[in-house]
Amino acid sequence: QVQLVESGGGLVQAGGSLRLSCAASGGTFSSYAMGWFRQAPGKEREFVAAISRSGGTTYYADSVKGRFAASRDNAKNTVDLQMNSLKPEDTAVYYCAADRSTVRAGTPDYWGQGTQVTVSS
């Protein structure tokens, strides 16, 4: 059983930056592809970013490409999401996810509890 705990959310003005972090425990971290999803009020959860087991490959939703960057540290069992040039439409609860296969499908093996990101205009 893998536990995922997100941190780093908060309130930021439009154009600002935040860095989310997700700490994993209870499994072999390097065996999991990791990802970030978000859910805004009244909307379905959507894919944001994913990173391969080695960290060598990343994937991004078109809406965040060029502004967000995912990274991981397999020695520390953490995955981060650096979010720059934030927009009010980025406001959502952000979830960390882990999957032994592919995380982008939206049905990962494990979810974190989520962290709130609010971007004010």
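When a residue number appears, it is its place in the shown sequence, counting from 1.
- For the atom pair CD1 (I51) and CG (D80), the distance works out to 9.0 Å, reported to the nearest 0.5 Å.
- Contacts classified as disulfide bond (SG atoms under 2.5 Å apart) and involving residues 35-82 (residues at least two apart or in different chains) are not found.
- For the residue pair R104 and A50, the shortest heavy atom distance occurs at CG-CB, 3.7 Å.
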Kindly list each side-chain donor-acceptor pair under 3.5 angstrom involving residues 82-89, sequence neighbours excluded, with atom names and distances?
from : atom 1 : to  : atom 2 : distance (Å)
Q82  : OE1    : R19 : NH1    : 2.9
Q82  : NE2    : N84 : OD1    : 2.9
N84  : OD1    : S17 : OG     : 2.9

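- V79 and V103 fall into different hydrophobic clusters, where Ile, Leu, Val, Met, Phe, Trp and Tyr side chains are chained together by heavy-atom contacts under 4.5 Å.
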Checking V2 against Y32 for the side-chain contact (heavy atoms from CB on, under 4.5 Å) test, could you report, in this order, the C-alpha distance in whole Å, the side-chain angles of both residues, the deciding distance, and whether it holds?
CA-CA 10 Å; V2 174; Y32 292 87; 3.6 Å; yes
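- Listed by first then second residue, pairs satisfying disulfide bond (SG atoms under 2.5 Å apart) with a partner in residues 29-62 number zero, not counting sequence neighbours.
- Under the rule for a salt bridge (charged side-chain N to carboxylate O under 4.0 Å, His left out), the partners of R38 that lie at least two apart in sequence or sit in another chain are E46, D90.
- The side-chain hydrogen bond (donor to acceptor under 3.5 Å, both in side chains) search around T91 returns none, not counting sequence neighbours.
- The OH atom of Y94 sits 7.5 Å away from the CG atom of L81 when rounded to the nearest 0.5 Å.
- Remark: S25 pairs with Q3 by the side-chain hydrogen bond (donor to acceptor under 3.5 Å, both in side chains) rule, at least two apart or across chains.
- Tracing side-chain contacts under 4.5 Å through hydrophobic residues (I, L, V, M, F, W, Y), one reaches W36 starting from V12; they form part of the same cluster.
- What you find for A98 and P108 is that their closest heavy atoms are O-CB, 3.4 Å.
- In this structure, the separation between OG1 on T58 and CE on M34 is 14.5 Å, given to the nearest 0.5 Å.
- Applying the ring-ring contact (aromatic ring centres under 6.0 Å, His included) rule to pairs touching residues 47-92 yields F37-F47, sequence neighbours excluded.
- Distance check, rounded to the nearest 0.5 Å: CG of D109 to CZ of R100 gives 4.5 Å.
- You'll find the side chain of Y95 stays beyond 4.5 Å of the side chain of Q113, heavy atoms only.
- Listed by first and then second residue, the salt bridge (Lys or Arg N to Asp or Glu O under 4.0 Å) pairs that reach into residues 48-65 are D62-K65, sequence neighbours excluded.
- Members clustered with V5: none, using a 4.5 Å side-chain heavy-atom cutoff among hydrophobic residues.
- The shortest side-chain heavy-atom distance between K76 and F29 does not fall under the 4.5 Å cut-off.
- Judged by distance alone, with hydrogens and angles left aside, the side-chain atoms of T28 form no donor-acceptor pair with the main-chain N or O of S30 at under 3.5 Å.
- Applying the disulfide bond (SG atoms under 2.5 Å apart) test to every pair with at least one member in residues 47-118, sequence neighbours left out, gives these pairs: C22-C96.
- Evaluation of the salt bridge (charged side-chain N to carboxylate O under 4.0 Å, His left out) rule for D73 yields no partner, not counting sequence neighbours.
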Check residues 114-121 and write down every donor-acceptor pair under 3.5 Å in which the side-chain atom is one partner and the other belongs to a residue at least two apart or another chain.
from : atom 1 : to   : atom 2 : distance (Å)
T115 : OG1    : G9   : N      : 3.3
Q116 : NE2    : A92  : O      : 3.4
Q116 : NE2    : T118 : OG1    : 3.3

